[in-house]
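Just follow the structure's listing: the first ligand is 1, and inside any ligand the first atom is 1. These numbers come from a predicted model, not from an experiment.
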Amino acid sequence: MNLLLLLSSLLLLTTTTTATTFIPHPGNRITIPTWHIQPTNTTYPPNTLNYLNLTTPDSHSTILATLLDPQNQPNPIIPPYNESALFHSTTLSTIPTTPFQSPWLYTTTLTLPHSISSHSNTNTNIILSTHGISSRGDIFVNNVPIGSISGAYNGQEYDISPEIKEGENEVQVKVYPVDYTRDFGIGWADWNPPPPDKGMGVWRGVEVRGVYGVAVQGLRVVVVVGDVAEIEGGSGGKDVKVRVRVDVKNWGEGSVKGWFMGRVYDNSTDDTSSGVQFAEAVTLRGGEVTTLEAEVTIKNPNIWWPATWGKQDMYTVSANFTLSDGTLSDTAECSFGIRSVTATFTDHGDEKDVSFNVNGYPFHVRGAGYSPDIFLRFDIDRVRTLLQAVLDMGLNTMRLEGKLEHPQFYDLADRMGIMVLAGWECCDKWEAWEYNTDLSKNYPWTNTDYLTAQAMLTHTSLTLQPHPCILAFLLGSDYPPNPRATTLYTTALNHSDWTAPIISSASARIHPSGMKMLGPYDWVPPNYWYGERLGAAYGFGSEQGAGVGTPELPSLRRFLSEEELDRLWKEKNAGMYHMSPAGSQFHTRGVYNAALWGRFGKPKSLEEYVFLAQVVDYEATRAEFEAFAVRQNRSGRAATGVVYWMLNSAWPSLHWQLIDYYLKRGGAYYGVKVGARGVHVAVDYESGEVYVVNHGVERGEGRVVVVDVVGLDGKRLYHEEVKSVVMGPTMSKKVTSVVPWVGGWDGVVFLRLLLKDSGGEVLSRNVYTLPGRLDVLDWDESTWYTTPVSEYADFSALRGLPTVEMGVSGKMGGGGGGGVSVTLENRDKVPAWFVRLSMVDEAGGEVDVWWEDNYVSVLGGEKVVVSGRVNNSGKMGIGRMRVVVEGGNVRRRGCYI
Ligand SMILES: *[C@@H]1O[C@H](CO)[C@@H](O)[C@H](O)[C@H]1NC(C)=O
Ligand SMILES: *[C@@H]1O[C@H](CO)[C@@H](O)[C@H](O)[C@H]1NC(C)=O
Ligand SMILES: *[C@@H]1O[C@H](CO)[C@@H](O)[C@H](O)[C@H]1NC(C)=O
Ligand SMILES: *[C@@H]1O[C@H](CO)[C@@H](O)[C@H](O)[C@H]1NC(C)=O
Ligand SMILES: *[C@@H]1O[C@H](CO)[C@@H](O)[C@H](O)[C@H]1NC(C)=O
Ligand SMILES: *[C@@H]1O[C@H](CO)[C@@H](O)[C@H](O)[C@H]1NC(C)=O
Ligand SMILES: *[C@@H]1O[C@H](CO)[C@@H](O)[C@H](O)[C@H]1NC(C)=O
Ligand SMILES: *[C@@H]1O[C@H](CO)[C@@H](O)[C@H](O)[C@H]1NC(C)=O
């Protein structure tokens, strides 16, 4: 772009109109809707201060998210990019980092209406609350410094009234560059490259409100719950006591008399005036800061349950502080659920395992690690889709390793019944403990750092406390905090009346925490999970997986160049920009590709590589979740929970995800969807034992398990039916063994397991391809990220399967308009291997469908019905829809529906 063009576009930018924010009357609060941002460094780019002035797209936006926003394109700081260009190939690496090495200013205008300034009450205080400035900021009102804050998750309240005048006022936040080793920033370790601005900016909204002297904050609820099963099971009459607590501050100098008042009501009733009232008379000295409490009793309460166990009933507390003359000073509101969450720790010598319990039932965590967007952009629709995917896969938990989200995230998790393991992130400043000598020697925590860390947890835990979705808080990820920080952290949690479990870290380094972090993070064969070492299915694995999550071809084409696509399948050990950053163990797909090549043979095309990757990914994620399900209540060392590393990625990534950046779902996703199925039948790869699994709280009786083994020629090698199977709540048990097991036949076979109810309806259908000999693990050569295989299982025969004629028919309807149902009929003898279903519109574009199952293998003569739901049936695309099938030995074909 030439300079003239640049300048003319800048002129356009400066004509953006600005809106002022009116300070609301006491009882209301507002979030400053937008900011103008400017660099403070006038030398880069030259002379920008005088004219560069961009508007944030939102109330909370990092510098880079603002620069990338279409309304601010082009701008002289970064080259002109749109979203798809930015993530394509290595473009992101070309964004200069220099502009983010000096401070930036966020500026906004606050208007104080005459009606507030003229109020007869002399004690009118204007309170500004921050919730997250990364990683450090100075706050100014009309050029007067108000306060300085550090720590990305810190939130503080400031009385800005001394500087506020009637009419317009300028509020500025000067944000400082982030240094991951010195500052409590939002770091990404080996997840993805750091964003060029390292997340610098006002990344969470800033709130403003007026109060008449007394401000309340941190409304929280302690539910004195006892035995939930008793409340729920008892024929009513059980009551629950609820203690509503709030922090209060008298900003004025004189003492104040007033009332802490409010109401607790059931969210399922529309009548917000109903519920139980409370009112406590209070006298506050000038400047007093204290915590107020009121207790109410809820009769016959509705219990909040995790999804699939019951309803997500919620209550809301609406509270206020009213002065004795009846003037309202401040209000607060929060929603909560009545549920119990506990953790027990079982000792196993030097180690221990945590088991969670929700509402009296063992809660086996089936989770995955959540990632926000790389530029910390928060899109609630996107989050909703991710949470929907979590439920769709049969998972029940998300782990947030740092990257603690906006309150709306937890509201959604509450409503959808998904548990959240929240906690601090690994590495850098966060874990510069004595036992991390390199970090602690160069960047030891100062006294101020300890106080900042405590303040961050106070603010964070007050926000999280009422949410029933919270399963625990993890004080550290890879390492536990040292004793001094531990004391400060637990004091913070205690202050916020934290009732959920507290876990010292996600790993057993330094001391046993109840969780293990022993890998793997890269490919391991499916029988790994049935071992007894490292990440195998015992205890609680806080972040582990076979490193898979290869996007399907349409997604790959969106972010890889032709040259990168070529290297992807041709070069086993190629460094890839869209893997972990250079220097990381995970910059190449070497471990993964060695296995793919070793087990299936060298791929002959990009298409074939991507197909085989889906096969590998599916097998890997299914095995992990099945093994943890199968061993959930075994005697000895049971598997109490597992968190897959990870759910999603911050940017378009080639690995560590179950759903890709474009929210598309491939082999890794559908593998979990089978492996984590609520009522299921699975096989132990090592022993050939067949288990039924129930993740629900309901019993099942008279169930039937059918086992079939067939050769690649379609010949039946084994058949068995087990009848009258009884399944208790949250359990697994062995129903039979396949004899002989792997080793007892030549070459590859298909194993199909069916679990049926007493009426013959199939509850779970699960097809494996099994080799003539399992992968041989070399456990003693394990590293922190993988266990090598000394001899790969041979699946190459699958690539030589004869092509099968697959009958396909489909119909729309059912499920509220977007329903679709597809019948696959294998008219051959030979099994149809790994058939992908998709739906395309007349223009050939893929329509997004939530399939109940995908990548299905269909035995000879078998008929399988797969249903699905079009994601957004209102916008279904153009013309008639076709269902398209395509698989290992099934030629691509479509049928109109
Ligand atoms: C940025 O531009 C807006 C709109 O013209 C203007 O109101 C505002 O004062 C400017 N801010 C700064 C800090 O220059
Ligand atoms: C985004 O940029 C790319 C590359 O410059 C271009 O091909 C594409 O058309 C642009 N897309 C949009 C929506 O502007
Ligand atoms: C401003 O940016 C220039 C160019 O990157 C840099 O050399 C200089 O140190 C910066 N000045 C300040 C005050 O940060
Ligand atoms: C404060 O709360 C009480 C109890 O819920 C309610 O009756 C009253 O109307 C509230 N005051 C205001 C001004 O909203
Ligand atoms: C409960 O109801 C209140 C008032 O209608 C609403 O603000 C809140 O979001 C609701 N909470 C939940 C969890 O549904
Ligand atoms: C937690 O706080 C309560 C008061 O809120 C106090 O009574 C109790 O001693 C504290 N416990 C710990 C372990 O600090
Ligand atoms: C697991 O639970 C089921 C159902 O409660 C029970 O039949 C089985 O014996 C349990 N297994 C072990 C090892 O305790
Ligand atoms: C489904 O549709 C909604 C609404 O249009 C959209 O926000 C969401 O991203 C879509 N989900 C997927 C997986 O594409």
Side-chain angles (χ1 to χ4, degrees), residues 24-29 38-49 52 63 76-78 95-105 121 174-179 196-197 200 209-212 214 216 219 221 242 244 246 248 258-282 292 294 296 302-305 307 311-339 380 384 387 406-418 464 466-470:
H25 283 86
N28 303 295
R29 56 180 76 201
Q38 295 178 298
T40 57
N41 190 334
T42 52
T43 61
Y44 186 95
N47 303 315
T48 39
L49 183 58
L52 183 75
I63 309 275
I77 306 283
I78 60 170
I95 293 191
T97 54
T98 325
F100 315 111
Q101 282 156 15
S102 37
W104 283 63
L105 284 173
N121 192 316
K174 184 176 183 184
V175 298
Y176 290 87
V178 179
D179 176 337
D197 67 344
M200 175 183 182
R209 69 191 197 276
V211 302
Y212 290 133
V214 178
V216 295
L219 185 66
V221 175
V242 166
V244 180
V246 77
V248 63
W259 296 86
F260 173 42
M261 298 202 285
R263 212 156 29 76
V264 178
Y265 61 89
D266 182 344
N267 258 67
S268 63
T269 66
D270 288 336
D271 181 9
T272 55
S273 66
S274 67
V276 195
Q277 306 242 10
F278 60 85
E280 299 283 327
V282 185
L292 305 178
V296 302
N302 297 320
I303 305 299
W304 183 96
W305 290 94
K311 295 207 296 184
Q312 288 72 52
D313 281 314
M314 301 280 292
Y315 289 83
T316 296
V317 190
S318 178
N320 62 56
F321 194 94
T322 300
L323 306 179
S324 52
D325 68 358
T327 309
L328 176 71
S329 183
D330 202 3
T331 59
E333 190 174 281
C334 74
S335 294
F336 67 99
I338 295 175
R339 59 98 174 94
I380 194 77
R384 190 177 292 109
L387 271 57
H406 295 268
Q408 299 93 305
F409 178 92
Y410 308 99
D411 288 341
L412 258 187
D414 287 344
R415 279 179 208 158
M416 294 172 76
I418 301 172
L464 300 183
H467 291 279
C469 66
I470 298 295

- Message: Before we go on, tell me: are the rings of Phe260 and Phe278 under 6.0 Å apart, centre to centre?
- Response: yes
- Message: Would you say Thr316 and Ser335 are linked by a side-chain donor-acceptor pair, where the criterion is simply a distance under 3.5 Å?
- Response: yes
- Message: Protein non-hydrogen atoms only, distance under 4.0 Å: does atom 2 (O) of ligand 4 have such a neighbour?
- Response: yes
- Message: Tell me the protein heavy atom at minimum distance from atom 14 (O) of ligand 4, and give that distance in Å.
- Response: Asn320 ND2, 3.8 Å
- Message: Could you identify the single nearest non-hydrogen protein atom to atom 5 (O) of ligand 4 and state the distance to 0.1 Å?
- Response: Gly262 C, 3.3 Å
- Note on the structure: Candidates Thr97, Thr98, Asn41; heavy atom nearest atom 13 (C) of ligand 3 found on Asn41
- Message: Within ligand 4, which atoms have a heavy atom of Gln277 less than 4.0 Å away?
- Response: 4 (C), 5 (O)
Just by distance, do the side chain of [X] and the backbone of [Y] share a donor-acceptor pair under 3.5 Å?
X      : Y      : answer
Asp330 : Val216 : yes
Tyr212 : Thr322 : no
Gln312 : Trp305 : yes
Trp104 : Pro99  : yes

- Pull out every atom of ligand 5 sitting under 4.0 Å from any heavy atom of Arg415, numbered as shown with elements. 9 (O), 11 (N), 12 (C), 13 (C), 14 (O)
- Task: Number the atoms of ligand 5 from 1 as they appear, then name those within less than 4.0 Å of a heavy atom of Glu333, with their elements.
- Result: 7 (O)
- Query: Is it the side chain (CB and beyond), the backbone, both or neither of Tyr265 that lies under 4.0 Å from ligand 5, heavy atoms counted?
  - Reply: side chain
- Message: Working note: Ile303 + Asp313, criterion side-chain contact (heavy atoms from CB on, under 4.5 Å); need CA distance, chi angles, decisive distance, verdict.
- Response: CA-CA 6 Å; Ile303 305 299; Asp313 281 314; over 6 Å; no
- Task: Run the contact test for Thr316 against ligand 5 with a 4.0 Å cut-off on heavy atoms, strictly below, and give the result.
- Result: yes
